[in-house]
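Quick note: residue numbers are just sequence positions, from 1. The structure displayed is predicted, hence computed values, not measured ones.
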Amino acid sequence: MRRWLLSARQTMFIRAYLRASTDEQNADRSKTTLEQFISEHSQRIASYYTESISGTQLERPELNRLLTDTQANDILLVEQIDRLTRLNDHDWKQLKRMIEEKGIRIVSMDVPTSWQALDNNALTHNDPIIKAVLDAINNMLIELMAAMARKDYETRRERQRQGIETAKANGKYKGKQADTERHQKVKSFREKGLSLREIAEATDYSRSQVCRILAN
């Protein structure tokens, strides 16, 4: 009986989170990459959660569904930390708290220290001191990568703003052009019965923008 309980506690499900662009090929590429990575670690992915919402948004339907589905000891697998977060500091802390409360472990391909979570033997037989040190290093690296992801986002936004100002000063700015693909996605989501709020979150538009697109 004790042996069965130990085995039950060690059971883990690997849940892959893919935050891709609106290009379905991007999601397929990420899925293939994660499958190859997990196969190399003699594991398998139990389920996939794919969406195209910006990583700067805390409220993401598929990420919320993943967190609802998971149990303690499960793994949240991502290709890169920026797939999980480009959140500001406040929202990132909130997401981390949600993950920690669920007892989920993050494994990211760009954070090698996180890969130890894929080895059940390492979790149960490693020296506790060594494990504590590795966990501390892993958490530090994830924090660093999360901060870098946010910084990269802010830098690109600032460069975009500067580029627009320069174009305006030179009389070359034509304004933001309509994104036909995103507009079509808005209409497709509406046809599927999504609310205005859900469409706004999924496309990174404001509700007023969604309403204008649907009205055309």
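Applying the side-chain contact (heavy atoms from CB on, under 4.5 Å) test to R97 and every residue at least two apart in sequence or in another chain returns Q94, E101. Residues satisfying the side-chain contact (heavy atoms from CB on, under 4.5 Å) test with Q36, not counting sequence neighbours, are T32.
Between the side chain of D74 and the backbone N or O of Q71 there is at least one donor-acceptor pair closer than 3.5 Å. Side-chain atoms of S39 never come within 3.5 Å of backbone atoms of E35 as a donor-acceptor pair (strictly under, hydrogens ignored). Side-chain atoms of R105 come within 3.5 Å of backbone atoms of N73 as a donor-acceptor pair (strictly under, hydrogens ignored). Judged purely by atom type and a 3.5 angstrom limit, R190 uses its side chain to pair as donor or acceptor with the backbone of L194. Between the side chain of Q57 and the backbone N or O of S54 there is no donor-acceptor pair closer than 3.5 Å. Checking side-chain atoms of R150 against main-chain N and O of R86 turns up a donor-acceptor pair under 3.5 Å.
Note: the hydrophobic cluster containing M140 does not contain V111 (ILVMFWY, side chain heavy atoms under 4.5 Å, direct or indirect links). A continuous path of Ile, Leu, Val, Met, Phe, Trp and Tyr side chains, each step under 4.5 Å between heavy atoms, connects M98 with W92, placing both in one hydrophobic cluster. No continuous path of ILVMFWY side-chain contacts below 4.5 Å connects F13 to V107, so the two sit in separate hydrophobic clusters. Residues L87 and I53 are members of separate hydrophobic clusters, defined by side-chain heavy-atom contacts under 4.5 angstrom among Ile, Leu, Val, Met, Phe, Trp and Tyr. In the hydrophobic cluster analysis, where Ile, Leu, Val, Met, Phe, Trp and Tyr join through side-chain heavy atoms closer than 4.5 angstrom, L58 is grouped apart from Y153.
By the neighbour-count criterion of 12 heavy atoms within 6.0 Å, atom CZ of R44 is sparsely surrounded, having that number or fewer from other residues, nucleotides or ligands. Surrounding CZ of R159 are at most 12 heavy atoms belonging to other residues, nucleotides or ligands under 6.0 Å away.
Ionic pairing of R65 and E62 is present here: one or more N-O contacts between side-chain nitrogen and carboxylate oxygen are shorter than 4.0 angstrom.
Summarising the geometry of I38 relative to L118, their closest heavy-atom pair is CD1-CD2, 4.0 Å, with the distance given to 0.1 Å. Annotation for V78 and Y17: closest pair CG1-O, 3.8 Å, computed over non-hydrogen atoms. Taking all atoms of both residues into account, the shortest heavy-atom contact from I75 to M12 is CD1-SD, 3.5 Å. Minimum heavy-atom separation, S108 to E79: OG-O, 3.8 Å. Here the shortest heavy-atom pairing between S52 and K185 reads OG-CE, 3.6 Å. Here the closest non-hydrogen pair linking I142 and I81 is CG2-CD1, 4.2 Å.
Atom CG of L141 sits about 10.5 Å away from atom CE of M148, to the nearest 0.5 Å. Taken to the nearest 0.5 Å, the NZ atom of K102 stands 7.0 Å off from the CG atom of L67. A distance of 3.0 Å separates OG1 in T70 from CD1 in I104, rounded to the nearest 0.5 Å. Atoms CG and OG1, on L63 and T50 in that order, are 12.0 Å from each other to the nearest 0.5 Å. One finds the OG1 atom of T85 at 6.5 Å from the CZ atom of R60 (value rounded to the nearest 0.5 Å).
Within the 4.5 Å cutoff, the side chain of D152 has no heavy atoms near those of the D82 side chain. In this structure, R197 and E59 have side chains that are not in contact, with every pair of non-hydrogen atoms separated by 4.5 Å or more. Under the 4.5 Å side-chain criterion, counting only non-hydrogen atoms from C-beta, M109 is in contact with L34. Residues Y205 and R212 fail the side-chain proximity criterion, which asks for heavy atoms closer than 4.5 Å. R15 places a side-chain heavy atom less than 4.5 Å from the side chain of Y49. Between Q116 and D135 the shortest side-chain heavy-atom distance falls below 4.5 Å. When side chains are defined from C-beta on, I213 does not count as touching I199, because their heavy atoms never get closer than 4.5 Å. The closest side-chain heavy-atom distance from R83 to S30 is not below 4.5 Å.
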### Query
Can you list the steps and then say if E154 with R157 is a salt bridge (charged side-chain N to carboxylate O under 4.0 Å, His left out)?
CA-CA 5 Å; E154 292 176 343; R157 289 295 294 269; over 6 Å; no
### Query
How far apart are the C-alpha atoms of I106 and N138, what are their side-chain angles, what is the distance that settles it, and do they pass the side chain to side chain contact (heavy atoms under 4.5 Å, CB included) test?
CA-CA 10 Å; I106 299 173; N138 183 55; over 6 Å; no
